[in-house]
2 protein chains.
Amino acid sequence: MAPPAKTSRAEIVAAARAIIAERGVAALSLQQVAAAVGVQAPSLYKRFDDRAALLAAVHDALLEELAGVLAAQTLARPAQALAAMGRAYRAFAHRLDRLYPLLFASGGTPSPAALAALAPLMTTLDTLVGRAHSLPAARTLTAFLHGFVTMELNASFQMAGSVEDAFDFGLTAVIRGVIGGGADADAPAVDVARE
Amino acid sequence: MAPPAKTSRAEIVAAARAIIAERGVAALSLQQVAAAVGVQAPSLYKRFDDRAALLAAVHDALLEELAGVLAAQTLARPAQALAAMGRAYRAFAHRLDRLYPLLFASGGTPSPAALAALAPLMTTLDTLVGRAHSLPAARTLTAFLHGFVTMELNASFQMAGSVEDAFDFGLTAVIRGVIGGGADADAPAVDVARE
DNA sequence: ACCTGAACACCGTTCAAGT
DNA sequence: ACCTGAACACCGTTCAAGT
């Protein structure tokens, strides 16, 4: 006779997420997760291949949330939308906090979900800098955003100045730089070509 | 009688570094390190408080190297120097590869070495955008660089375009954006202020 | 002073046995 | 079908004992 299931994939993911949010990924053990859902550790292997698969499930959930967060920032004027997405991304990262590193943990498998999450950013850049430059522009912007929030969540900004101001300054600068580089309208103020 | 030391701090750090370079930080065990230097694992505790202290020692070595790499890029024209530092940073990160995450792993302790490593970048930005803006400018640039190399080392750039081109595009864009934002000479091309 | 083996409390994971 | 206890091969770390 089949005993009723004591837990579920969703419950396990939620428990793992809560533990990571509180103590970080490194501190997550399957035994803790199992205890949190009222089961013994080996039972988790009924629903997940291994620890990595459980982390991948958390990762997927976060990516889906990110997609929603960015999609909500599609405004009429694309430059405004871009800035709004940047700020929304940072706010999302702050909300995740110790969960944030999981958002980027590429388990080796390239995920279509990751591309989908960034789709609103890509289309906004398409209209703003043109298809020819939207990919490098997107990479520049995401690199800045990922780098900035990683550094602030790691407390890597050690000097005194306001991190808030630095983000506003940086986001504005990156958007300006990326827009200026997309069109060949005006020559760059300073030539930084290889020598 | 004191038996002669079988190993040394430097040898242990080198062994740890080699293992991390080959298999990543997560795969580093003290037992492997001990075996590599011809000793039993508990002996490592004679020279390092714990695993974290060993990782911190590797981290310090990497930071010192980074300082040298950036200092070597101080050129006559500051905008060129900035671009050169950006490219040198990326090349250094590629050389480190699986060791790179350790460069940023803030063990909680704010290190003066980290500030020293970035000093050449800071002084270059001082002359380029002025003291009033050099701190946010430095944060913007380091965020971009750290984010970009993290993403490429993680294989997070999934789309088809050239990552090389994206870096050149991004570095130029960020430098241009940061310079344009430093002086209040000309108004930004697009207003991205909060709404 | 330095190194060792034995031990402790943990891991992730497998698997036969229960219901 | 789902869950469990026991077991395996690992961890990091401590410590008494050797030289």
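Throughout, a chain's letter reflects where its sequence line sits, starting with A, and its residues are numbered from 1.
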Side chain to side chain contact (heavy atoms under 4.5 Å, CB included) against B:A67, all qualifying residues, sequence neighbours excluded: B:A117

Which residues share a salt bridge (charged side-chain N to carboxylate O under 4.0 Å, His left out) with B:E11, sequence neighbours left out: none

A:P78: partners by side chain to side chain contact (heavy atoms under 4.5 Å, CB included), with sequence neighbours left out: A:T124, A:T127, A:L128

Residue pairs involving residues 34-47 of chain B (criterion side-chain hydrogen bond (donor to acceptor under 3.5 Å, both in side chains); sequence neighbours excluded): none

Nucleotide C:dC11, atom C1' - distance to CG of A:L54 in whole Å: 15 Å

Nearest-Å distance for atom pair CZ/C1', residues B:F48 and C:dC3: 16 Å

Sorted by number, the residues of residues 25-46 of chain A with heavy-atom contact under 4.0 Å to DNA chain D: A:V39, A:Q40, A:P42, A:S43, A:K46

Partner residues of A:E65 under the salt bridge (charged side-chain N to carboxylate O under 4.0 Å, His left out) criterion, sequence neighbours left out: A:R17

Touch class at under 4.0 angstrom, heavy-atom based, for A:S8 against every strand present: nothing

Separation of atom CD in B:E11 from atom P in C:dC3, rounded to whole Å: 10 Å

Phosphate-side-chain proximity, B:R47 and C:dC3, N/O vs OP1/OP2 below 4.0 Å: yes

Set of residues satisfying side-chain hydrogen bond (donor to acceptor under 3.5 Å, both in side chains) with respect to A:S134, sequence neighbours excluded: A:D126

Integer-rounded Å distance: C:dC10 P and B:R51 CZ: 18 Å

SB check B:E152 A:R139 (cutoff 4.0 Å): no

Pairing annotation in dot-bracket form, given for DNA chain C with Watson-Crick or G-U pairs under 3.5 Å and | for cross-strand partners: ||.|||||...|||||.||

Side chain to side chain contact (heavy atoms under 4.5 Å, CB included) involving B:D60 - partner list, sequence neighbours excluded: none

